[in-house]
Visitor: 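First the structure, which I've put down as structure tokens, then a few questions once you've had a look.
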Protein chains: 2
Amino acid sequence: MGQDKDFEYLGKIQDYFAEHKTLPTFSHVAQLLGFKSKNAVTSFVARLKLQGFIDYAPDKRLKPGRRFFERIIAESTVQAGFATPTYGDSLDTIGIDDYLIEKPSQTILITVRGDSMKDAGIFDGDVVIVEKRAFANVGDIVVAILNKEFTLKTLGKEDGQFVLIPANRDFPVIRPNGDFEIFGVVVGQFRKYG
Amino acid sequence: MGQDKDFEYLGKIQDYFAEHKTLPTFSHVAQLLGFKSKNAVTSFVARLKLQGFIDYAPDKRLKPGRRFFERIIAESTVQAGFATPTYGDSLDTIGIDDYLIEKPSQTILITVRGDSMKDAGIFDGDVVIVEKRAFANVGDIVVAILNKEFTLKTLGKEDGQFVLIPANRDFPVIRPNGDFEIFGVVVGQFRKYG
DNA sequence: TGACACTGTGTACATTCGTACAGTAAATTT
DNA sequence: AAATTTACTGTACGAATGTACACAGTGTCA
């Protein structure tokens, strides 16, 4: 199938975008993919456009289509392993931003310092995605304002009183005497290695 | 200062990018900002370029500069707290993808099943970002192919032999007798709550 | 085998690009 | 008040853009 080759080409264009933050011109695409004619690009682009990977800007130049940033998620199971996925497979495919952030205007990113949420898989240096709102459920990981300080803890309840529980045995459960405020709820987390 | 007006203009251009995933041409910028001449754009762009917000693509068109996507990540410290960032909604959709994925075409996402990397902060259901390559350093978290099965472990060395170390005391260190292959290296991880 | 879609080549072309240069009007400096 | 700088207008222009059309090679399918 030409499909496979198109996806190989798409990969190169995605790499170009990752590097330059803009899509190449027709001529550059031709150069990038080894075509000797710009017209080869025209039809190639038309194919990708049908599938939503590439689109046209108001001025006919190329711009990323709605699926351009999508990524394939493969399933790994400890025992069974997984196969290398391709676009053809009907696996979930997502853009990470869209997946993690639902309400951009109410969402902020916070780099976490300290190990108090270590056992919840939130390490020093991780970034948490926080949706700003005043209400949370027991069990949610929340950003709370306590004594005018922000802190990241799991929201719990003891004897009808809300408590803030760290996910690390070395830290104490906080039982706020006065009141505290919920700044937001952690809806996601990410980490970069290296 | 003209500075303020420039930033106001920059905001409009960032909005344009958020919508179109590409920067406008000089003519469109003029239109967007209410200029009647393209040349007004030339000098305006020159100013933003000096500050690193906008750059030129290989073909002289505009592309986002290194500071264009500056995302507002607040720092949280356990004791000191953090301040609410000012530009709440300038998180663009490309931000996280771009941060986590450097080589899109060689990168795949894998949903992790099992608790074998729990102590490394990789939980059941988390998604890891894997850059496909055959070589890794000791200490890297790798996806290895062992007995035709894929597995996620930390790469270690014992007596000059590579070993695969799970980040969970309940799992054994794997000392491959035969050879194993490195499928890729984990360069990032993310998780969604709720 | 022949018809026919694909994929890419090569040439031609109107449109649009970003830039150069000359000029105006207002703000800033001296 | 004169000189200079800044911010923008307006026209002109070579270069590069994306598109159109004719054509060649390859594989597919009846």
Side-chain angles (χ1 to χ4, degrees), chain A residues 1-68 86-88, chain B residues 1-68 105:
Chain A
M1 288 288 278
Q3 288 279 84
D4 296 337
K5 208 188 263 185
D6 276 359
F7 287 133
E8 182 197 325
Y9 289 162
L10 177 59
K12 292 189 181 182
I13 292 182
Q14 286 171 326
D15 286 349
Y16 184 98
F17 187 93
E19 189 183 341
H20 293 100
K21 306 278 182 292
T22 192
L23 285 186
T25 63
F26 276 52
S27 320
H28 282 146
V29 174
Q31 193 177 315
L32 206 62
L33 305 185
F35 294 156
K36 294 186 177 175
S37 166
K38 283 190 291 179
N39 264 327
V41 179
T42 307
S43 45
F44 158 66
V45 163
R47 270 172 271 144
L48 289 187
K49 181 175 155 61
L50 276 179
Q51 299 176 67
F53 290 109
I54 285 188
D55 205 351
Y56 290 111
D59 45 48
K60 302 281 188 178
R61 296 178 309 170
L62 301 180
K63 70 168 193 179
R66 78 199 132 75
R67 295 184 61 193
F68 189 83
T86 63
Y87 269 106
Chain B
M1 288 289 279
Q3 288 279 84
D4 297 336
K5 208 188 264 185
D6 276 0
F7 285 132
E8 182 197 324
Y9 290 161
L10 177 60
K12 293 189 179 182
I13 292 181
Q14 284 171 327
D15 286 349
Y16 183 100
F17 188 93
E19 189 183 341
H20 294 100
K21 304 274 187 288
T22 191
L23 283 186
T25 63
F26 275 52
S27 321
H28 282 145
V29 173
Q31 194 177 315
L32 206 62
L33 306 184
F35 294 156
K36 295 185 177 175
S37 167
K38 284 190 291 179
N39 264 326
V41 179
T42 307
S43 45
F44 158 66
V45 164
R47 269 173 272 146
L48 288 189
K49 182 173 154 60
L50 277 179
Q51 299 175 69
F53 289 109
I54 285 187
D55 206 352
Y56 291 110
D59 44 47
K60 302 283 188 176
R61 296 180 309 170
L62 301 180
K63 71 169 194 177
R66 76 199 132 77
R67 294 184 61 192
F68 191 82
S105 67

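First the proteins, then the strands, lettered A, B, ... as listed; each starts at 1. Excluded from the calculations below are hydrogen atoms, water molecules and symmetry mates; all remaining heavy atoms, backbone and side chain alike, are included.
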Visitor: Does B/Pro58 reach the side chain of A/Tyr16, with side-chain heavy atoms less than 4.5 Å apart?
Guide: yes
Visitor: If I take atom CZ in residue A/Arg61 and atom C1' in nucleotide C/dG18, what distance separates them, rounded to the nearest angstrom?
Guide: 11 Å
Visitor: How many Å lie between NZ on B/Lys38 and P on D/dA15, as a whole number?
Guide: 16 Å
Visitor: Check this for me: does the side-chain of A/Lys60 come within 3.5 Å of the base of D/dG18 through a donor and an acceptor?
Guide: no
Visitor: Salt bridge check: are B/Lys49 and B/Asp55 linked by an N-O gap of less than 4.0 Å?
Guide: yes
Visitor: To the nearest 10 degrees, what angle separates the axes at the start and end of the helix from C/dT1-D/dA30 to C/dT30-D/dA1, five pairs each?
Guide: 30°
Visitor: Give the minimum heavy-atom separation between A/Phe44 and A/Ile13, together with the two atoms involved.
Guide: CE2-CD1, 3.6 Å
Visitor: Using atom types as modelled and distance alone, determine if a side-chain donor or acceptor of A/Lys60 lies under 3.5 Å from a backbone N or O of A/Ala57.
Guide: no
Visitor: Which heavy atom in B/Arg61 sits nearest to a heavy atom in A/Pro24, and how many Å separate them?
Guide: NH2-C, 3.8 Å
Visitor: As a test of reading the structure: which of C/dT19, C/dG8, C/dT9 is closest to the side chain of A/Arg47, going by heavy atoms?
Guide: C/dG8
Visitor: How close or far is atom C1' of D/dA16 from atom CG of A/Asp59, stated in whole angstroms?
Guide: 14 Å
Visitor: Which word best sums up how the rings of A/Tyr56 and A/Phe26 line up, parallel for under 30°, tilted for 30 to 60°, or perpendicular for over 60°?
Guide: parallel
Visitor: Rounded to the nearest angstrom, tell me the gap between atom CG in A/Asn39 and atom P in C/dG8.
Guide: 12 Å
Visitor: Looking at every non-hydrogen atom in both residues, tell me the closest pair between A/Phe7 and A/Phe53 and how far apart they are.
Guide: CE2-CE1, 3.6 Å
Visitor: If you compare every side-chain N and O of B/Tyr9 against the phosphate oxygens of D/dA7 (OP1, OP2), does one of them come in below 4.0 Å?
Guide: no
Visitor: For A/Leu62 and D/dA16, give me the distance from atom CG to atom C1', rounded to whole Å.
Guide: 14 Å
Visitor: Evaluate side-chain contact (heavy atoms from CB on, under 4.5 Å) for B/Leu62 paired with B/Val29, printing each intermediate quantity in order.
Guide: CA-CA 10 Å; B/Leu62 301 180; B/Val29 173; 4.1 Å; yes
Visitor: Starting at the 5' end of DNA chain D, which residue's closest nucleotide do you reach first, A/Tyr56 or B/Ala40?
Guide: B/Ala40
Visitor: Can B/Tyr9 and B/Val45 be said to form a side-chain contact (heavy atoms from CB on, under 4.5 Å), step by step?
Guide: CA-CA 10 Å; B/Tyr9 290 161; B/Val45 164; over 6 Å; no
Visitor: Is there a residue in residues 23-37 of chain A whose heavy atoms reach under 4.0 Å of DNA chain C, and which residues are they?
Guide: A/Phe35, A/Lys36, A/Ser37
